[in-house]
Amino acid sequence: MKDKTKLVHMARNHAKAETQAVNPPVIRASTVLYRDTDTLKSIRARREGNERVFSYGARGTPTTFALEDAISEIEQGVRTMLFPSGLAAIAHVFLSVLKPGDHCLLSESIYGPARAIAVRFLRPRGIDCEFYPGGHEEVAKRLRPETRLVYVEIPGSIIYDLQDLPAIAALLKNGENTLLAADNTWGAPGLYRPIALGADISIIAVTKYIAGHSDLVMGSVTANARTAEQLCHDAGLLGQTVSPDDAYTALRGLRTASARIAMHSAHAMEVIRWLEEQPQVDRILYPPLPSHPGHEIWKRDFTGANGLLSVTFKPHIKQDDVDRMADRLKLFGLGASWGGYESLAMVYPEGGIPGWKGGALIRLHIGLEDPADLIADLQQAFEGLPG
Ligand SMILES: *Cc1c(COP(=O)(O)O)cnc(C)c1O
C-alpha cells in the first residue's frame, strides 16, 4: 500500500473490536480489572515477556496502542513507544542505550535541547559525548571500540544539512556494539525512513507535523528488531506514558498529514520563488533546492519536503536588522516549534546555531495560508531592511 492509503487506514482495527466507529475510541484508564487471579497471572507473565497488554493505564491504553501501531507502520519498525514530548523520547534513547564509559557520536546540527542533554546530563555522568561536523567520513574517523551510539538528525535543525545515512549504517555493520539512532522529526510522517535506510532507532517529535495543529506535545521512539526489547522494557521501567486524549488527537492529525505536508511544501516553493528575487537574501536553505548542500542525498533518500526553510542574508544585513524585520511580520507568528497549520518565524542569537558559520538567518515555517498573503506580509516586513 502507498503512504496516503496507509495514513488513512492504519491502526483502525483498534476501533472495530469494540464499536463500528471509524476511529479507535478514547479509553481513559489507570486501573484495569482482571477477571480472576489466573487471568492476572497470565497477564503478568505476558508483561514479563515484553508483550504489550492493556493491564494498567501507565503501561498504555488501546488508544495509545493504536497510535503506536500507526507510527510503527509508517516508520517500518517493530515497536513504537510514546513519550510526553519529543525531547523526552530523545532522552529515553540516551538513557536506555548508554552507560558510563561509553562513547557517543552526535552530529553537530542536532536539535539544541538534545545537544544540551549530551553536554549537561550525559557528560557529567561519564558518557563521552563527541560532536562531529559533516557526514559519514567524519563518523568513520571517530569510531572507537567503545562507541555505543551514533546519533544523527537528517536534515539537521535550522540549516537542514544532509548526511548519507546508509553510508553511516554501513560503517557500523560489523560493530555488534554500536547502535544508530536518527531524529526523524523533519521527515515524519513518510518523507524519510531511517530504519529502512539502516538505522536501529527512529525518533519523532509528534508535536510537529503528526499533531499538525499546535495543540499537543508528544514524542515517539520506533525500534527495529534488534533494539525493541530493551527500549520497550526500559520505557515501562521508567514509567513513560502519554494520555489517551493526546494519543487520539495525534492519530487524528496523522490521518491528514500527507495532504497538509503536500500543501505546506507547495506553499513553501511559492514563497521561495519570491524570496529568491530579493536583493537582501543570500541563500535559502531548503533541501529540495538544487543549490542546497547535500541536495543529491535528499533526492535519493526522501520522498518529499515540508514547509520548513531558513533564509540567510547578504553580509551588510545584520541579525539585528533581521530581528526587527521579524517584528514587522503580521501573519507569521514569532514562535518556537513548527508543523502546525500556521506560519511561524524564528530568529536565533548570533553564533548560536551549531554548524552555521554564515551571517544573519531567519527560520520560516510556511503554513496553509494563501501564499500570496504570506508573500505580501514578507514584502511589507522586508521594506524596512537596508537595501
Ligand atoms: C521540536 C523538535 C524536537 C522536540 O520535540 P518536543 O515535543 O518539542 O519536545 C526534537 N527534535 C526535533 C528535530 C525537533 O524539531
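Residue indices begin at 1 and follow the sequence shown. Just so you know, ligand 1 is whichever comes first in the structure, and atom 1 is the first atom listed for that ligand.
- Using modelled atom types, no side-chain atom of K4 and backbone atom of M1 make a donor-acceptor pair closer than 3.5 Å.
- Within the structure, the salt bridge (Lys or Arg N to Asp or Glu O under 4.0 Å) test picks out no pair touching residues 372-385 (sequence neighbours left out).
- Within the structure, salt bridge (Lys or Arg N to Asp or Glu O under 4.0 Å) contacts touching residues 211-224 (residues at least two apart or in different chains) do not occur.
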Distances for all N or O pairs of ligand 1 and the protein under 3.5 Å?
unit_1, atom_1, unit_2, atom_2, d
ligand 1, 7 (O), G86, N, 2.8
ligand 1, 7 (O), T207, OG1, 2.6
ligand 1, 9 (O), G86, N, 3.1
ligand 1, 9 (O), L87, N, 2.9
ligand 1, 11 (N), D183, OD2, 2.6
ligand 1, 15 (O), K208, NZ, 2.6

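- Applying side-chain contact (heavy atoms from CB on, under 4.5 Å) to L309 and the options V271, L275, L289 leaves one that passes, L275.
- Within the model, atoms CD1 of I204 and OG of S220 stand 4.0 Å from one another, a figure rounded to the nearest 0.5 Å.
- Side-chain heavy-atom separations under 4.5 angstrom define the hydrophobic clusters, and the remaining members of the one that includes M263 are Y341, L368.
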